[in-house]
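In what follows, chains are A, B, ... by sequence order, proteins preceding strands, each numbered from 1.
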Amino acid sequence: MSLLATRGLSRHFGGLRAVDGVDFTLEPGEIRAIIGPNGAGKTTFVSLLCGRIAPTAGSVLFRGRDVTRLPAHRRVGLGIAYTFQITNIYPSLTAFDNVALAAQSSLGRGRFAPIHADALRQKVGAALAAVGLADRAGEKAGELAYGHQRLIEVAMGLALEPQVLILDEPTQGLSDAEITDFCALVRRIAETATILLIEHNMDVVMQLAHRITVMDRGRILAEGDPSAIRADRAVQAAYLGS
Amino acid sequence: MTDGVNQARVSRRTALKGLGIGAAMAAAPGFVRYAQAQSSAPIRLGAPFHRTGIGASYGRWYEQVATACVNLINSEGGINGRPIELIVEDDGTDPQRGTEVIEKFAAEHKVDVVFGHLFSHVVAATAPRAGELKIPYLVCSEGHQTAAGAFNRYTFQPGITDVKAQVISMAPWISQNLGRKVTIIFPDYAFGHDHRDYFSQAIEAQGGEVSALIPIPPTETSFTRYFPQIPSDTEVIYHVMVGPGVLTFVKELGEHLGSRRPELFGFIDSIEAVDLASPQLEFLEGTYFWEGHPRYAQPGQSEFDRFYRATVGVDENGASVDDPRDVSTYAHMFSVWETLFVIKQAMEMADYQGPEQKAAFIEALESIESWPESREHPQGEKIFNAAMHQCFGHQYISRVEGGRLNVVHTTAIEDGLYEQEGPDYREMPL
Amino acid sequence: MRRHASLDFGPFLFLATLEGLVQAAVLTLTALGLSLVFGVMRVVNVAHGEFFMLGAVLAWWVSSLVAGSPALGFLLALVASPLVVGAIALASERLILRRLNYHPESTIVATIGLLYIIQQTTLILYGPDARSVEAPFYFRVEFPDFGYSGYKLVVIAASALLLLGTWFVMRRTRLGLVMRATQYDSETAQAFGIPVGRVYAQVFALGAMLAAVAAVLVVPIQQAHYLMGLDPLLLSFIVVIIGGLGSLGGTVLAAVLIGLSDGILSVFFSPTLAKIVSTLLVALVLVFRPEGLFGKRAR
Amino acid sequence: MTAARVVGLHVLVLALLFAAQFVVSDYDQLTLTRMMVLAVYAVGYNLLFGYAGLLSLGHALFFGAGLYGAGLAAYHFEAGVPLAFVAGLAASLLVSLLIGLIALRTRGVSFMIVTMMFAQAGFLALLYFSRWTGGDQGLPLPAAARSFTVAGLTIDLADAGTRYNVAVALLAVAIGIGLLVVMRPGGRVLVAIRENEERTRMLGYDVFAHKLKAFVISGGLSGAAGAAYGLMFAYIGATFASIQYSIEVLLFTLLGGAGTLLGPVLGTILMFYLIDKASEVTSAYLLVVGFVLVGLILWFPKGILGTVRDRWARWLP
């Protein structure tokens, strides 16, 4: 059974078909990249997956269960985590509190008992360590360097212990050195979670992705492994032409 | 009357105070003030006046009368050789503030007596607190609740007759001279409800009939919308209105009715503090008003009324001597003057020296049976029903003639007497 | 004791309609001021009712300075009172709102403060009494079943004229164009060289002046009193929200509707009940149809 | 250890308030009693405004619901003090649940206006149903409604000393509830909603449910304050449900520091004192309210304890 699938998923804004009848499947354990020109509907598509916006038509299935009507926070609870395209953290809270918010969300999942403070600290520590920010726990997130803020965001994604982690343009604004570290980080995360990645940087895509989905004008144009996509004429046309 | 009982009470209270606070506190400023109060300090009267809110026009004049009266009493030697200190607080004509202010009088100013509340909804909220705090509370209000026995041993209404007595004594005249089918327009709170209930009863007792009851919120500013409820077969419109909108009220009433109006009988409250010469009030010519105390000096004015007007600064048209357009609340404010003299009289009877003699003061007040028309009681003679803590006096019915109010009928005190409804206050513990 | 009305249903409804129209006329002007300020500046001015009150109190003051014919004093008040109110509004905009950068929630709190400052200062300077201003002229219109103030009918006409004037300013003058441009998109307007800061100040003053004009018209009917600003504030809120925030056309439509229905409901039922119904209506409109009953969905 | 320091500080403040009754004058004792009950109201208000970031302009409705719930139970049904208090609390919880379900669909300016309008409708309803509520006049509660017996101990709320200690106890409970809400993980979620609602939703939190919970706890504390106020001072009146009471609690909170647990307590004491002193000088004492509101918003938006926390004591809850 596929992990995440859509059937005829559509979202229209007025006359604009941002996502137009997409059938999509994501298998457990893979790193999937979604690429496509600006305005192809990538962000709208993943927003439909995680429930930030409601579809005009079609359905979303998670582990075979129809989650189309489920609100976003319930889908996060099931294990669909989303990190925002633009850095979206709590600047006035400490790095610790930022990650703790994610950690207590996953710790509290499906339980009514109070969360144990030690368990929480341990989990936050682990997530911060994973992104290399263990020594910054007490600093205000808004006062950290931009690259570190993006890492906080990833740490929050990690602490959610997702089954699918959706990363929306995670390398945007990072330096080359930071991108290299970042790729290593994503591979480590992929050991425990499936990853769905929107990315413009083709080097990153080719390096990380097991499979690539190409979107254009709200539809899936092509899908395949990196070498196949590199060779696909339609993809080249979409990127170069019109 | 510095008898043994009172002295015992003093020492017991002082001892308790000492125990409660501890020796270390004896030097604190509050304690020193308390100690001084035993000898020469002034008698402190708390005056919660309606400086703001819907009763503001009354409050201003109540304060002016109180100040003039206290100055007079002080210039003549005060009470028991001690001067009166008047402590005024604004209650905003708000029942809630009323309850807070009386607590402030008790706890901070430590006054001997509180007096001067007018609006009955404020009185209704405050009187129970006065009883609980054991502060003598003398209201200058016409509410019926005191006489009805709704309050306590500490609450008195010795300066002005209550609404029930007023309307009982006037209803026969109204039914005989104006008509029997009456529409009552009244403010929708306790004071108005007294009018509604007791005038309805009184007019029905005269064989009359109430054709409609029209309640109006006391904060209302626009009235035309209420007037279509006046039935066309109404013979008399009985109106009583209060609040900042009274001038608008009478103007719009005139607009609505025009010249083919039924008879109008109003409580002066509807135009209290309003100049009868205001534009659009011409239609009031030939209508009738109740007055607690005639605003315009009448032929045969008593020397007491003349002295009272001069002392509080009001001319023979009931307006301020400084500004003829500033019309006083003449029909009500005598109650402040008379209440102050009642306080003085009862304190002198009790040889009152301080708050520990509250009981003696109250018992002295309850021993009074009547007051003659005098400098202290310029509105006229009164009898005092001690069981009801309520005084009863004459009422005046005046007709608007040539832009002034001329008294056409004066009721007898007996016209307004009624059976006691509630408990005898004198039997309540002190 | 059954309550039965004196008037037949027809005249009764006619009187209620007249009362409703007077209320609607005054309300339209007042609410238009609030709506204009919200539309252009995105600021909810809680002190709007106090500008109304100031207009009335100043009208009393100005007319009491003029001896002789009441019409003269009234006309002077009609000119002077809005100007003074406008100047006070301008000063508050410069001293308070601009410093807050028009932050929506902060400006609400600040204008609540302004409300108390204006109201309580008036209490100190003017006192707690209600005072009347003589109408410029007075005649009584005798209908078959009841009489009515001729001045009130004139208020309806005067408001309609002033409304036309405002429409003309908004549609046919450069000032109106600039305002509409700023309302549509303040950033673009700025890019086109429109001095947005100055436009805001003007709009704020103009909004206050509309309330003041309404108050001058009303003060011969009601009396000037330092607490009289609260009712027009609430009613204007109701009108502006039901009409659609910032939509001038919707505001006028809603003012007529609310004025009439409030007037009529007040005559047939109780004024308090009418107010309860309209405040609840507003809350529900804001929750379930935030663009107002007559507005379009936001861009 | 931060938690110990925090708890210690709050216990110290409460101990000082308890001790104050042995040194202050009668009048200050009375005033402090009022202040503490109103501080409970402000603590409740602050849970919603300071922590969850929801600025309500209609909290007088919940204070009023508690006041009338308790007062009407005592007046019409002769309920004893404990039962009347529970009735007031239940009324405010119910009203805040209903209003919360509707009003929380809006945010920002709309939320402010919606809460204000509901409160205004409630205030007008109190006037309209004057047969039950006493309307403008309100209702004085009978003395019998203010004395009760617990475990053989008679507690008479008419007694100034007793009343004071009941107020201290109530404030202690309110601060305790505040600490529980704020210091536990749930408090962090409220702050997260205030700082970034969308992000919080995408961390898996049911934002609406958390807001509603804060709204109801806040309304309940406000109602508890209202119920206590009515029973302690033996009077219920529509003034308590008027818009001025919604604004004063905002002012208390802003002055002391929104989003700090002790801020509203400090703000209530200072502002109440200021208003009381101003009222001795002028009838226009609400002028103070106006100037303080504008001044705070312009120059001091974080209030006293908010500024203290930023500069010196980051551990303040």
> Contact part of C:Tyr148 toward chain B, heavy-atom cut-off under 4.5 Å: side chain, backbone, both or neither?
Replying inline: both
> If every non-hydrogen atom of C:Leu15 is compared with every non-hydrogen atom of B:Pro228, which pair is closest and at what distance?
Replying inline: CD2-CG, 2.9 Å
> Which heavy atom of B:Val246 sits nearest a heavy atom of C:Gln223, and at what distance?
Replying inline: N-NE2, 4.0 Å
> Which heavy atom of C:Thr272 sits nearest a heavy atom of B:Pro217, and at what distance?
Replying inline: OG1-CG, 4.2 Å
> Could you state the interatomic distance from CZ (C:Phe146) to OG1 (B:Thr224), rounded to the nearest 0.5 Å?
Replying inline: 9.5 Å
>> So for C:Gln222, is it side chain, backbone, both, or neither that comes closer than 4.5 Å to the heavy atoms of chain B?
In response: both
> So which heavy atom on B:Pro244 is nearest to which on C:Ala130, and how close?
Replying inline: O-CB, 3.1 Å
> Side chain, backbone, both or neither: which part of C:Ile221 has a non-hydrogen atom closer than 4.5 Å to chain B?
Replying inline: both
> With only heavy atoms counted, which part of B:Val274 is less than 4.5 Å from chain C, the side chain, the backbone, both or neither?
Replying inline: neither
>> Need one label for B:Arg51: side chain, backbone, both or neither, based on atoms under 4.5 Å from any heavy atom in chain C.
In response: backbone
> Can you check side-chain contact (heavy atoms from CB on, under 4.5 Å) on B:Ser222 and C:Gln23, steps first, answer last?
Replying inline: CA-CA 10 Å; B:Ser222 175; C:Gln23 171 140 352; over 6 Å; no
> Which atoms of B:Ile54 come close to chain C, meaning under 4.5 Å heavy atom to heavy atom: side chain ones, backbone ones, both, or neither?
Replying inline: neither
> Picking from C:Glu19, C:Arg140, C:Glu134, C:His225, which has the most non-hydrogen pairs under 4.5 angstrom with chain B?
Replying inline: C:Arg140
>> If we define contacts as heavy-atom pairs under 4.5 Å, which of B:Glu252, B:Glu220, B:Glu209 has the most with chain C?
In response: B:Glu252
>> Could you tell me if the side chain of B:Glu255 sits less than 4.5 Å from the side chain of C:Tyr138, heavy atoms only?
In response: yes
>> Using 0.5 Å steps for rounding, measure from the NZ atom of B:Lys251 to the OG atom of C:Ser132.
In response: 4.5 Å
